[in-house]
There are 2 protein chains.
Amino acid sequence: MLSHGKAANTTSIEGKPMTAPAVRSRKEFGKTLAVDITHRLRQDIVACRLKPGEPLKFDALRLAFGASFTTLREALTSLTADGLVIAEEQRGFRVAPVTTEDLFDVTNTRVLIEIELLKRSIENGGDDWEIAVMSTLHRLGRIEERLSGNHVEDPEWKIAHRQFHEALVSGGASPTLLGIRASLFERAERYRNLSSMFRPQSRDKVGEHRAIMQAAIARDTDLAISLIDRHIRSTSDNVVKYASHLLTQP
Amino acid sequence: MLSHGKAANTTSIEGKPMTAPAVRSRKEFGKTLAVDITHRLRQDIVACRLKPGEPLKFDALRLAFGASFTTLREALTSLTADGLVIAEEQRGFRVAPVTTEDLFDVTNTRVLIEIELLKRSIENGGDDWEIAVMSTLHRLGRIEERLSGNHVEDPEWKIAHRQFHEALVSGGASPTLLGIRASLFERAERYRNLSSMFRPQSRDKVGEHRAIMQAAIARDTDLAISLIDRHIRSTSDNVVKYASHLLTQP
DNA sequence: ATAGGTATTATTTTCGAAAATAGACCGTGG
DNA sequence: CCACGGTCTATTTTCGAAAATAATACCTAT
């Protein structure tokens, strides 16, 4: 089902001289266990280590994450709001299924939101925005050079990729829109991960990203919009092309 | 602080012959207590019976809702995702504060989303959509006739009003977008409720709604869009005008 | 055989006690 | 007087047991 060994936890050793090895808290992400488990569960779902549609039974989760009913319940409730988990009252939770319908829905919504945020960024983005866009793209390029071929599966590439897209829209500061965007990005990433397992060769993302960056920095709104639109949709088309057999058809 | 009597709990009377009048379950909204409490809490927050910024302490909530820590925690976690509750790790929950920044953010996002959905509805809406739009407007009109003057505070009017706006966008079937819209609508409604307590006279909503309906049914996309845009923004302007003293300035 | 009910088991949901943490209070030493 | 440190209190967070509910297996009467 999944991984997560109980993982020896040597986080946060406090400043005292020679105090015990301090097993203290496996909390990597948040202060409370619940938000920590939320993040870990989210990662497992996005990475498809937990398969779409799979039932999330408490006994199994309790074993895998070493937390109690209540804590897990809270984590699952959070993820339900993100659309990564489905809750059926009185009948437990399961990983949200992947469907072509949902993929298109997510993609269309993403296009709408990303375009709006990109517009605002181009309009209002200052020096720091430009720098963020350029530097995140640069890092992405470096990683791609190093990892010739299939970067898409590399965790470092994924982070850099996410950060570039985040930087791109960071100029238009709307907490609400940015929150929605982040959630949609993850839902989409799950589909990307699904197809990356079957995709033969990755297309020229380097060039695509560079073109988007240039249009944005040049404040060419129309061009930037049309590029990002194509970029997002082509990614989603790729999923349909290479992973359609994994999508449960309605 | 708030209402919600302890409400004697005569749940689950099993099917025996002549057992008591069966008060059966205070669960009005969902099957599980947690989702039920989520809804009740949501209503209390939207209606401002729970004041913006107010800390949500477990002891008090437990008394008011007659549920345990865990159940309340789950409810609060849900509401956090809706932007109605703020969670500060290790320091509990509190009702999301109201600020002009947030109001503008919500309003702008709403305009974006509602316009998109309205576009799609006008493009794809069939007979059932037209009928839904017209009949919900009709009901709204009737209620306004009956309640001359300040309808905005009337719960029946609120429901009819929400249903009209829901019908208007129900043609563009995107679960994701509709979910976002619903959440934003409630966040906005909280602000509306805030200002309605101080607004001297309600402006001509009847006419506004009718005009939107007519433009939509006539499939005049541009007109409908500009009307809904103005409608949403003017509502928000009203809040600033009459309730600005309640908004915590940054 | 089979529909319909009934006991059994599996699983989720809810609870209140116990642990962990933050916040307030208070005295002490600079 | 103020800063620092430690104790006590208020509050949140986590746990595992207990209750409620759904799923399954089994039995009986038609």
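Owing to the predicted nature of the structure, the values given are computational and were not obtained by experimental measurement. Protein chains get the first letters and strands the later ones, always in sequence-line order, with residue 1 at the start of each.
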### Residue pair A:S195 / A:N238, side-chain donor-acceptor N/O under 3.5 Å
no
### Task
Please report, rounded to the nearest Å, how far the P atom of C:dC15 is from the CG atom of B:L72.
9 Å
### Query
Are B:E88 and B:R94 within salt-bridge range, i.e. N to O under 4.0 Å?
yes
#### Entry: SB check A:D82 A:R187 (cutoff 4.0 Å)
no
### Query
Are B:R190 and B:E186 within salt-bridge range, i.e. N to O under 4.0 Å?
no
## Note on the structure
Among C:dT13, C:dC15, C:dG16, the one nearest any side-chain atom of B:A67 is C:dC15
### Message
Once you apply a heavy-atom cut-off of 4.0 Å, does B:T70 come out as touching a base, just sugar-phosphate, or nothing?
### Response
base
### Task
Whole angstrom is fine here: how far is it from CD in B:E74 over to P in C:dT13?
8 Å
### Message
What is the separation between atom CZ on B:F58 and atom P on D:dA10, rounded to the nearest whole Å?
### Response
18 Å
### Query
End-to-end bend of the helix from C:dA1-D:dT30 to C:dG30-D:dC1 (five-pair axes, 10° rounding)?
10°
### Task
Measure the distance from CD on B:Q90 to P on C:dG23 and round it to the nearest whole Å.
10 Å
### Euclidean distance, atom NZ of residue A:K57 to atom C1' of C:dA10 [Å, nearest integer]
8 Å
## Note on the structure
Rounded to whole Å, CG of A:L63 lies from P of C:dT11 at a distance of 14 Å
### Query
Is A:K31 paired with A:D36 through a side-chain N to carboxylate O contact shorter than 4.0 Å?
no
### Query
Rounded to the Å, how far apart are A:R73 CZ and D:dA17 P?
18 Å
### Task
Return the nearest nucleotide to the side chain of A:K31; candidates are C:dG16, C:dT13, C:dA22.
C:dA22
#### Entry: Salt-bridge criterion met for A:R40 and A:D44 (N-O under 4.0 Å)
no
### Query
ring-ring contact (aromatic ring centres under 6.0 Å, His included): which pairs involve residues 161-191 of chain B, sequence neighbours left out?
B:W157-B:H161, B:H161-B:H165, B:H161-B:H209, B:F164-B:H209, B:H165-B:H209, B:H165-B:H231
### Query
Which part of the nucleic acid does B:F93 contact within heavy-atom distance under 4.0 Å: base, sugar-phosphate only, or nothing?
sugar-phosphate
### Task
By nearest nucleotide on DNA chain D, pick out whichever of A:F69 and B:E88 is the more 5' one.
B:E88
### Summary
Between CZ of B:R91 and P of D:dT12 the distance, given in whole Å, is 11 Å
### Query
In terms of side-chain heavy atoms of B:R62, which of C:dG16, C:dC15, D:dT14 is nearest?
C:dG16
